[in-house]
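Report on the structure given below.
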Amino acid sequence: MKKRIVMMGECMVEMFQLVENVYHQAFAGDVFNTAVYLKRSCETPVDVQFFTAVGTDLISDKLVRAVEREKVDTSLMFRAKGVRPGLYMINTDAYGERSFVYWRDTSAAKQVMQCFSQQGNLTDVLGCDMFYFSGITLAILSDSDRRALFNLIHQLKEQGSQIVFDPNYRPALWSGIESCRAVFTEAYQLADIAMPGLDDHKVLFEHSTVQQIKAFLTELDVAEMIIKDGKNGVVGCFAGHDFAAAAHQVKKVVDTTAAGDSFNGGYLAARLADIPPQDAVKYAARLAGFVVEHTGAIVNKEHFQRFWSR
Ligand code: ADP
């Protein structure tokens with residue numbers, strides 16, 4: 001039977017500077033990027049559903065169409081009145097250094113839980129094979145909406161859905177490190193698969209090695225973990241068995257935006273096809289290696305397909 005993954009998060013309008021005062025407009029956001037790469041790379045049919053809220057304006061319509069073009073299911077993209085998607089701008093200075101500026105404080109995605117309770121049905125989400133969310137999904141919600149989301153995840157877990165969490169720590173989205181630590185610990189306790197970056201844990205939990213993260217997640221009962229460390233590759237552990245994957249050899253690293261997101265997409269595509277974790281990490285590293293050779297979060301679809309079918 002066709003598998004189904006529900007992926008909850010925010011997709012924003014991306015403005016990428018081409019030259020001084022000229023920008024390319026796209027759509028991106030951590031969970032959305034992962035959804036796109038999962039759908040593009042899955043070799044068995046998988047229903048990928050993006051769970052979010054957008055507005056009722058023209059740019060929101062455009063965003064929904066962009067999701068549809070990726071063959072990602074939009075039935076859990078709810079509409080909130082009077083608000084718009086968040087936006088961010090990527091500027092590159094004369095030395096090639098990138099900086100990000102965000103306008104997301106009042107973005108539609110923050111209202112996803114309210115929209116879901118008014119417009120959605122529990123049965124639309126229950127029964128999925130996997131449910132994916134990130135630390136950014138958690139960061140943009142109010143305390144009460146976050147509680148409602150944790151309740152929903154509890155129900156999904158009870159019904160047998162596998163829960164996947166990537167902390168993707170963004171300090172600017174949290175009022176304090178302590179509260180973030182408590183929220184992420186709760187998320188990890190619900191997770192069957194955790195996909196943190198070593199850098200996230202260095203800052204947030206003061207873990208300096210992969211082994212420390214592994215011990216911490218084992219204590220929280222996480223069965224499957226993939227700890228990402230940029231160009232040093234990943235270390236994983238599944239049911240007590242350790243494994244590792246080197247980063248893919250790339251000709252030239254152009255832009256590491258969405259390296260982790262694309263890695264997650266490839267990994268989950270492989271896992272949904274019942275490929276074991278030790279092999280899924282290699283599949284994912286090949287995909288992420290391609291993404292870092294290109295500019296922007298989401299590489300042109302035709303270009304990606306030519307590479308992936310090789
Ligand atoms: P995250 O941002 O989630 O911490 P990472 O930066 O660790 O993710 O990157 C995830 C994966 O992307 C790595 O395991 C590797 O496969 C690939 N990757 C990241 N940076 C590079 C790089 N410089 N060269 C080759 N592959 C890379």
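This one's a predicted model, so the numbers in the text were calculated from it and none came from an experiment. Note that ligands are numbered from 1 as they come in the structure, with each ligand's atoms numbered from 1 the same way.
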Q. Is any NZ, NE, NH1 or NH2 atom of the basic residue among Asp229 and Lys202 found under 4.0 Å from an Asp or Glu carboxylate oxygen of the other?
A. no

Q.
Can you report which non-hydrogen protein atom sits closest to atom 4 (O) of ligand 1, along with the distance?
A. Gly197 CA, 3.6 Å

Q | Side chain, backbone, both or neither: the part of Asp229 lying under 4.0 Å from ligand 1 by heavy atom | A | backbone

Q. Got the closest protein heavy atom to atom 14 (O) of ligand 1, with its distance?
A. Val234 CG1, 3.4 Å

Q. Do NZ/NE/NH1/NH2 and the carboxylate oxygens of Arg65 and Glu68 come within less than 4.0 Å?
A. no

Q.
So does Thr56 get a backbone contact from the side chain of Arg79, meaning a donor-acceptor N/O pair under 3.5 Å?
A. no

Q: Begin from the C-alpha positions of Asn168 and Ser134 and carry the test side chain to side chain donor-acceptor pair (under 3.5 Å) through to its verdict.
A: CA-CA 6 Å; Asn168 254 340; Ser134 80; 4.8 Å; no

Q) Going by the angle between their ring planes, with limits at 30° and 60°, are Tyr188 and Phe205 parallel, tilted or perpendicular? A) tilted

Q. What orientation do His201 and His207 show, parallel under 30°, tilted 30 to 60°, or perpendicular over 60°?
A. parallel

Q | Thr257 and Asp255 side chains, donor-acceptor separation under 3.5 Å | A | yes

**Q.** Atom indices of ligand 1, in the order listed, that fall short of 4.0 Å to a heavy atom of Gly233
**A.** 14 (O)

Q: Note the single closest protein heavy atom to atom 22 (C) of ligand 1, along with its residue, its atom name and the distance in Å.
A: Lys231 CB, 3.7 Å

Q.
Looking at non-hydrogen atoms alone, which of Asn232, Val253, Val254 comes nearest to atom 24 (N) of ligand 1?
A. Val253

Q | Heavy-atom nearest neighbour in the protein, as seen from atom 11 (C) of ligand 1, with distance rounded to 0.1 Å | A | Phe263 CD1, 3.9 Å

Q: Check ligand 1 against His248 and write out every atom of the ligand that is under 4.0 Å from a heavy-atom position of the residue.
A: 25 (C)

Q: Would you indicate which of Ala247, Ala245, Ala284, Ala246 comes nearest to atom 26 (N) of ligand 1 when only heavy atoms are counted?
A: Ala247

Q. Counting only heavy atoms, which portion of Met195 has something under 4.0 Å from ligand 1: side chain, backbone, both, or neither?
A. neither

Q) In this structure, which one of Asp200, Asp166, Asp261 forms a salt bridge (charged side-chain N to carboxylate O under 4.0 Å, His left out) with Lys228? A) Asp166

Q | Shortest protein heavy-atom distance from atom 9 (O) of ligand 1, along with the residue and atom involved | A | Ala259 CB, 3.8 Å

Q. Non-hydrogen atoms of Asp199 versus ligand 1: any pair closer than 4.0 Å?
A. no

Q.
Would Ala288 count as a polar contact of ligand 1, with the cut-off being nitrogen or oxygen pairs under 3.5 Å?
A. no

Q: May I ask which of Ser262, Ser134, Gly230 has a heavy atom nearer to atom 6 (O) of ligand 1 than the others do?
A: Gly230

Q. For Phe150, is the NZ or CZ atom of Arg147 found under 6.0 angstrom from the centre of its six-membered ring and inside 45 degrees of the ring axis?
A. no

Q. Which residue, Trp308, Phe263, Phe290, forms the ring-ring contact (aromatic ring centres under 6.0 Å, His included) with Tyr283?
A. Trp308

Q. Any N or O of Lys228 that comes nearer than 3.5 Å to an N or O of ligand 1?
A. yes

Q) Looking at atom 8 (O) of ligand 1, what's its closest protein heavy atom, distance included? A) Gly260 CA, 3.3 Å

